[in-house]
Engineer: 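What follows is a structure written as structure tokens; I'll ask about it next.
Because the structure is a prediction, the values reported are computed rather than measured.
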Amino acid sequence: MDNGLIKSSFRLHKASMAGNPSNDLVFIALGANLPAEGQGDIRATLIAGMDALSGNDLTIVARSSLWRSPAWPPPTAGETEQPDYLNAVVALRTALAPDALLQRLHDIEAVFGRRRVGRWDARPLDLDILDYRGQVQPEELLGRAVLPHPRLSRRLFVLLPLQEVAPGWRHPVSGASLPALIAAAEPMKINRLEEGR
């Protein structure tokens with residue numbers, strides 16, 4: 001993999017990140033492969049999604065670049081190929097508890113036209129909690145946020161933008177570093193488009 005895709009700068013917003021970057025921060029993954037109505041193209045939709053995460057008990061600290069990758073998982077025989085995704089990660093601070101934050105994210109997705117029909121359907125906005133202050137909340141607790149995100153370790157389209165905003169982050173369960181997780185992740189075609197704003 002081209003190291004130039006990994007070593008990119010990130011822009012800080014409203015506060016600086018010091019010490020362990022995951023001590024008091026929440027990391028949210030954003031993805032879109034359809035334009036939301038009234039938002040223009042997919043890029044504009046994703047940036048508007050970032051903007052929607054600012055305010056109302058949410059304070060953005062850092063935004064990653066935008067990254068382009070194929071829809072995941074790849075289509076099986078007979079399935080229609082989806083448009084590529086644009087992805088990003090933001091670091092934020094919030095007083096909301098994990099489950100309240102998850103509901104807030106679902107509310108924002110709905111405003112952008114997200115309809116939860118098929119698990120892997122194309123969507124104008126997808127928001128996932130990757131890590132909430134290093135907390136662990138197991139999958140067995142149905143109806144609650146699963147922490148950390150159970151599939152983040154395998155997804156380069158999450159790991160690469162996460163490395164931009166929190167290069168020292170470690171997985172709350174395994175303790176694995178981002179370089180180790182990136183090296184072990186399933187290869188995929190992915191390109192960094194631009195820095196976050």
Side-chain angles (χ1 to χ4, degrees), residues 8-40 42-67 85-116 123-137 141 143-152 155 157-172 178 193-197:
S8 61
S9 61
F10 58 91
R11 185 172 298 180
L12 298 180
H13 292 258
K14 298 184 181 178
S16 62
M17 298 165 62
N20 186 335
S22 61
N23 275 347
D24 65 344
L25 295 179
V26 178
F27 298 98
I28 306 294
L30 303 91
N33 71 337
L34 293 176
E37 185 175 350
Q39 296 295 342
I42 296 172
R43 176 187 174 278
T45 295
L46 194 67
I47 291 174
M50 288 186 182
D51 292 341
L53 290 171
S54 183
N56 295 322
D57 302 316
L58 304 176
T59 302
I60 292 180
V61 176
R63 305 179 187 218
S64 76
S65 304
L66 305 184
W67 295 74
Y85 268 85
L86 293 184
N87 301 284
V89 167
V90 300
L92 56 81
R93 290 189 173 94
T94 181
L96 295 175
D99 299 329
L101 175 60
L102 181 62
Q103 185 58 56
R104 175 73 61 81
L105 299 184
H106 287 173
D107 292 345
I108 293 171
E109 289 176 339
V111 169
F112 278 75
R114 170 81 185 271
R115 300 292 178 263
R116 295 179 177 275
R123 59 206 62 178
L125 187 64
D126 188 23
L127 301 171
D128 289 316
I129 303 174
L130 300 178
D131 177 24
Y132 185 97
R133 302 176 187 163
Q135 292 186 21
V136 177
Q137 189 161 282
L141 299 174
R144 302 186 65 190
V146 181
L147 303 171
H149 191 286
R151 292 174 293 280
L152 78 87
R155 296 177 169 181
F157 59 84
V158 168
L159 296 171
L160 292 174
L162 179 58
Q163 183 172 247
E164 287 188 295
V165 299
W169 181 87
R170 287 183 174 272
H171 194 283
L178 278 167
L193 300 185
E194 59 190 61
E195 295 179 9
R197 62 171 181 81

Engineer: Taking the side chain as C-beta and beyond, is there a heavy-atom pair between L105 and L53 under 4.5 Å?
Structural biologist: yes
Engineer: Quick check: closest heavy atoms across A88 and S65, and the distance to 0.1 Å?
Structural biologist: CB-O, 3.7 Å
Engineer: Under a 4.5 Å cut-off applied to non-hydrogen side-chain atoms, are R93 and L25 in contact?
Structural biologist: yes
Engineer: Return the CD1 to CG distance between I28 and L127, rounded to the nearest 0.5 Å.
Structural biologist: 7.5 Å
Engineer: What residues form a side-chain contact (heavy atoms from CB on, under 4.5 Å) with A52, not counting sequence neighbours?
Structural biologist: I108, F112
Engineer: Could you tell me the separation between the CZ atom of F27 and the CD1 atom of I129, rounded to the nearest 0.5 Å?
Structural biologist: 13.0 Å
Engineer: Do V89 and E164 pass the side chain to side chain contact (heavy atoms under 4.5 Å, CB included) test, and can you show the C-alpha distance, the side-chain angles, and the key distance before you say yes or no?
Structural biologist: CA-CA 9 Å; V89 167; E164 287 188 295; over 6 Å; no
Engineer: About how many Å separate OG1 of T94 and CG of L58, when rounded to the nearest 0.5 Å?
Structural biologist: 4.5 Å
Engineer: Quick check: do R43 and L193 have side-chain heavy atoms less than 4.5 Å from each other?
Structural biologist: no
Engineer: Using the rule given for side chain to side chain contact (heavy atoms under 4.5 Å, CB included), can you reason through R155 versus H149, listing the C-alpha separation, both sets of side-chain angles and the distance that settles it, and then say yes or no?
Structural biologist: CA-CA 11 Å; R155 296 177 169 181; H149 191 286; 3.8 Å; yes
Engineer: Would you name the heavy atoms of L46 and L30 that are closest together and state the gap between them?
Structural biologist: CD1-CB, 3.6 Å
Engineer: Name all residues meeting the side-chain contact (heavy atoms from CB on, under 4.5 Å) criterion together with P172; count only those two or more places apart in sequence or in a different chain, and write none if there are none.
Structural biologist: D131, V136, P148, W169
Engineer: Apply side-chain contact (heavy atoms from CB on, under 4.5 Å) to P35 and list each qualifying residue two or more places apart in sequence or on a separate chain.
Structural biologist: I42, T45
Engineer: Can you sort out the partners of D107 under side-chain hydrogen bond (donor to acceptor under 3.5 Å, both in side chains), two or more places apart, ordered by chain and number?
Structural biologist: Q103
Engineer: If you take all heavy atoms of Q137 and A145, which pair is closest and at what distance?
Structural biologist: NE2-O, 2.7 Å
Engineer: If you compare all heavy atoms of M50 against all heavy atoms of L66, which two are closest, and at what distance to 0.1 Å?
Structural biologist: CE-CD2, 3.7 Å
Engineer: Rounded at 0.5 Å granularity, tell me how far CD in Q39 sits from CG in D51.
Structural biologist: 9.0 Å
Engineer: Return the minimal non-hydrogen interatomic distance between Q163 and L178, and the atom names on each side.
Structural biologist: CA-CD1, 3.6 Å
Engineer: Roughly how far, to the nearest 0.5 Å, is CG of N33 from CG of D126?
Structural biologist: 9.5 Å
Engineer: Starting at OH of Y132, measure out to CG of L96 and round the result to the nearest 0.5 Å.
Structural biologist: 7.0 Å
Engineer: Please check this pair: side chain of N87 against backbone of G31, looking for a donor-acceptor N/O pair closer than 3.5 Å.
Structural biologist: no
Engineer: Is there a side chain to side chain contact (heavy atoms under 4.5 Å, CB included) between V146 and R151? Walk through the geometry before answering.
Structural biologist: CA-CA 10 Å; V146 181; R151 292 174 293 280; over 6 Å; no
